[in-house]
Amino acid sequence: MRRTHRVSNPSPRWDVTVVGAGPAGSATALLLARTGARVLLLDRARFPREKPCSEYLSPESTRVLERLGKDVLAAVAAASPARLTGMKVVAPSGTEVVGRFETFSFALPRIRFDTILRAAAEAAGAEVREGVKVEEMLYDGGAVGGVVTRDTGLGTRDTYRSRIVVGADGLRSVVARRLGRVCTIGPRRIAFTAHVADVAGVHDLGEMHVGRPGYVGLGPIGGGVTTVALVVPQPEAWRSAKFFDELNRFPGVAGRFDARRTVRPLMATGPFARWSRRAVTDGALLVGDAADFFDPFTGQGIYSALRGAELAAAAILDCLTTGASLRQYARARRREFAGKWLLERLIGIAVGWPALIERVVGRMSRRPELVDLLVRATGNCVPARAALAPAVLAGLVL
Ligand SMILES: Cc1cc2nc3c(=O)[nH]c(=O)nc-3n(C[C@H](O)[C@H](O)[C@H](O)COP(=O)(O)OP(=O)(O)OC[C@H]3O[C@@H](n4cnc5c(N)ncnc54)[C@H](O)[C@@H]3O)c2cc1C
């Protein structure tokens, strides 16, 4: 049974404790600290830290970065990111289509991107503590009132009390598990990612190659380096042992990677998908992957983390200043993300059906405007509902 830690002192030192300094946590902390809120940002890792990801920021992420601060956007632009102008989707047979963004998207190593955001949160006034793992919640009269932590080096336990706790601790969020039911749903996949230099034929496109089974996502991240992810159903995890052989079974990838040019070894993550039934409770809320993560195929996770941070910060500020309920955050999330959730789910399921993808890519090769629409909808440049219109769905499969 879970232990319940109680607090009694009504005036905690912090207004908000943010658990996790990834994009969701750092952006939330930055936005709150900038208004003068007393923010504590905790992460079990020490930065700079790696994160398995395909490292593409969908085009609309640029707008959120700009809203986080011109200095934040300038720091990202100065970190030598690649600039992607669209996405290529390749069916199992090798048939391919290319959809273009209206603008471009940045792609850069997470070790750099996340460090920029973490530093921006600190510069905005958040107090950052690294090597601090959150293990339990503190409760005060039934509401969350802080966290219990363990120092990852010394092993010592500590408590931090705050008026609100934000769970931004990613896919296997401790905060989400402590707050309520975390649902895992199919398809259950795992991912293996690497960085490789001098990959043939990589220019200004992200690429998604669907195979039997699984898929590969790859793209430039600046400095002549390509990030590559192999995503397979969980029972196929053994395939990672022959990572580069596995890449060669995708017709559009075969022969392009030289294993000797690996610059960052293989990392694994998953299984996904999972989502939390309770993104908000008294005194706490979830943001980013801690709230929901379905499948990386559409590359929307970082945007969702950043945009979710904006929604979370707005609800928290309202709560701190007027006493309004945090539950408005759940409504704001539904309004903002309902279409995206559906699109992401549909695509995530479809890529498990190679014959369906073959058909859809075949249809798209004759209707380039549909490819652009789909790529822009997953890039958050146009509302997801535009791609979910019955006429569009019919055009993709019938
Ligand atoms: C294979 C793969 C490819 C992807 N490719 C893309 C892509 O190209 N584009 C895109 O937009 N998205 C992509 N995503 C999704 C994206 O990586 C996530 O959606 C994004 O990282 C979510 O950010 P976050 O801040 O919620 O979580 P995270 O980035 O996971 O950050 C969570 C932080 O919490 C910390 N933490 C965890 N537990 C604790 C604890 N108990 N106590 C304290 N700290 C803790 C961690 O150390 C970490 O720093 C991909 C995902 C996968 C798996």
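Since we're looking at a predicted model, the values are computed, not measured. We count ligands from 1, going down the list as the structure has it; atoms in each ligand are counted the same way. The basis for the numbers below is simple: all heavy atoms, side chains too, and nothing from hydrogens, waters or symmetry mates. Counting from 1, the numbers follow the sequence of the chain as shown.
- Counting heavy-atom neighbours within 6.0 Å of Lys88 NZ, excluding the residue itself, gives a total above 12.
- Closest to atom 13 (C) of ligand 1, if we only count protein heavy atoms, is Cys53 SG, 3.5 Å.
- Residue, atom and distance of the protein heavy atom nearest to atom 18 (C) of ligand 1 are Asp289 OD2, 3.2 Å.
- Arg239 places no side-chain N or O within donor-acceptor distance of the main-chain N or O of Val232, the cut-off being under 3.5 Å.
- Per-residue contacts place Thr269 under 4.0 angstrom from the following atoms of ligand 1 (heavy atoms of the residue considered): 53 (C).
- Contact atoms of ligand 1 toward Gly299: 7 (C), 9 (N), 10 (C), 11 (O) (distance under 4.0 Å to a heavy atom of the residue).
- Compare Val19, Asp43, Leu41 by their heavy atoms: the one nearest to atom 46 (C) of ligand 1 is in Asp43.
- In terms of polar-atom proximity, defined here as any N/O pair under 3.5 Å, Asp114 makes no such contact with ligand 1.
- Numbered from 1 in the order shown, with element, the atoms of ligand 1 that lie under 4.0 Å from a heavy atom of Val132 read 42 (N), 43 (C).
- In Pro23, the parts holding a heavy atom less than 4.0 Å from any atom of ligand 1 are both the side chain and the backbone.
- At a heavy-atom distance under 4.0 Å, no atom of Leu171 approaches ligand 1.
- Side-chain N/O atoms of Thr149 and Asp158 include no donor and acceptor closer than 3.5 Å.
- Taking every heavy atom of Gly20 and a limit of under 4.0 angstrom, the matching atoms of ligand 1 come to 33 (C), 34 (O), 35 (C).
- The single protein non-hydrogen atom nearest to atom 41 (N) of ligand 1 is Val134 O, 3.1 Å, given as residue, atom name and distance.
- Looking only at atom types and distance, the side chain of Lys340 has a donor-acceptor partner in the side chain of Ser304 under 3.5 Å away.
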* To do: Test Arg327 against Asp282 for salt bridge (Lys or Arg N to Asp or Glu O under 4.0 Å), laying out the working first.
  => CA-CA 8 Å; Arg327 292 187 193 274; Asp282 284 349; 3.3 Å; yes
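- Under 4.0 Å is where a charged nitrogen must lie from a carboxylate oxygen, and between Glu127 and Arg129 at least one such pair does.
- Classification of the Trp341-Phe337 ring pair by plane angle, with boundaries at 30° and 60°, yields tilted.
- Contact annotation: Glu135 has no heavy atom less than 4.0 Å from any atom of ligand 1.
- Protein heavy atom closest to atom 43 (C) of ligand 1, with residue, atom name and distance, is Arg44 N, 3.3 Å.
- Counting the atoms of ligand 1 from 1 in the order shown, those under 4.0 Å from a heavy atom of Tyr56 are 7 (C), 8 (O), 9 (N), 10 (C), 11 (O).
- Atom CG of Leu73 is separated from atom CD of Glu66 by 5.5 Å, given to the nearest 0.5 angstrom.
- Of all protein heavy atoms, the one closest to atom 27 (O) of ligand 1 is Gly170 CA, 3.7 Å.
- Residue-ligand proximity, Ser54 to ligand 1, at heavy-atom distances under 4.0 Å covers atoms 3 (C), 4 (C), 5 (N), 6 (C), 8 (O).
- Contact annotation for Ala168 and ligand 1: only backbone heavy atoms (N, CA, C, O) come within less than 4.0 Å of the ligand.
- Classification of Asp204 and Arg100 as a salt-bridged pair holds, one side-chain N sitting under 4.0 Å from a carboxylate O.
- At a heavy-atom cutoff of 4.0 Å, ligand 1 is contacted by no atom of Arg172, backbone or side chain.
- Between Thr193 and ligand 1, no N or O atom pair is found at a separation short of 3.5 Å.
- Proximity of a side-chain donor or acceptor of Arg256 to a complementary backbone N or O of Gly201 within less than 3.5 Å is detected.
- In terms of polar-atom proximity, Ala191 is not counted as a contact of ligand 1, lacking any N or O under 3.5 Å from an N or O of the ligand.
- With salt bridges taken as basic N to acidic carboxylate O contacts below 4.0 Å, one links Arg249 and Glu246.
- Heavy atoms of Val174 found under 4.0 angstrom from ligand 1 belong exclusively to the side chain.
- For the atom pair CD1 (Ile316) and CG (Leu285), the distance works out to 4.5 Å, reported to the nearest 0.5 Å.
- If you check which protein heavy atom lies closest to atom 16 (C) of ligand 1, you get Arg110 NH1, 3.8 Å.
- Remark: among candidates Asp169, Thr152, Leu84, the nearest residue to atom 36 (N) of ligand 1 is Asp169, based on non-hydrogen atoms.
- Ranking protein heavy atoms by distance to atom 15 (C) of ligand 1, first place goes to Phe293 CE1, 3.5 Å.
- Both the backbone and the side chain of Ile302 come within contact range of ligand 1, each with a heavy atom under 4.0 Å.
- Outside the 6.0 Å centre-distance limit, the rings of Phe192 and Phe243 are not counted as a close aromatic pair.
- Between Phe101 and Tyr56, the two ring planes are parallel [angle under 30°; tilted spans 30° to 60°].
- Other residues, nucleotides and ligands place no more than 12 heavy atoms under 6.0 Å from the CZ atom of Arg385.
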* Just do the salt bridge (Lys or Arg N to Asp or Glu O under 4.0 Å) check on Arg49 and Asp114 with the steps written out, would you? => CA-CA 8 Å; Arg49 62 106 178 85; Asp114 289 20; 2.8 Å; yes
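- To the nearest 0.5 Å, atoms CZ (Arg264) and NE2 (His195) are separated by 4.0 Å.
- For ligand 1, the atoms sitting less than 4.0 Å from at least one non-hydrogen atom of Ala24 are 24 (P), 25 (O), 26 (O), numbered in the order shown with element in parentheses.
- Using a 4.0 Å cut-off to heavy atoms of Lys133, the atoms of ligand 1 that qualify are 41 (N), 42 (N).
- Nearest protein neighbour of atom 2 (C) of ligand 1, counting heavy atoms only, is Pro296 CB, 3.6 Å.
- Under 4.0 Å from ligand 1, the heavy atoms of Glu55 that appear belong solely to its backbone.
- The shortest heavy-atom distance from Phe272 to ligand 1 is under 4.0 Å.
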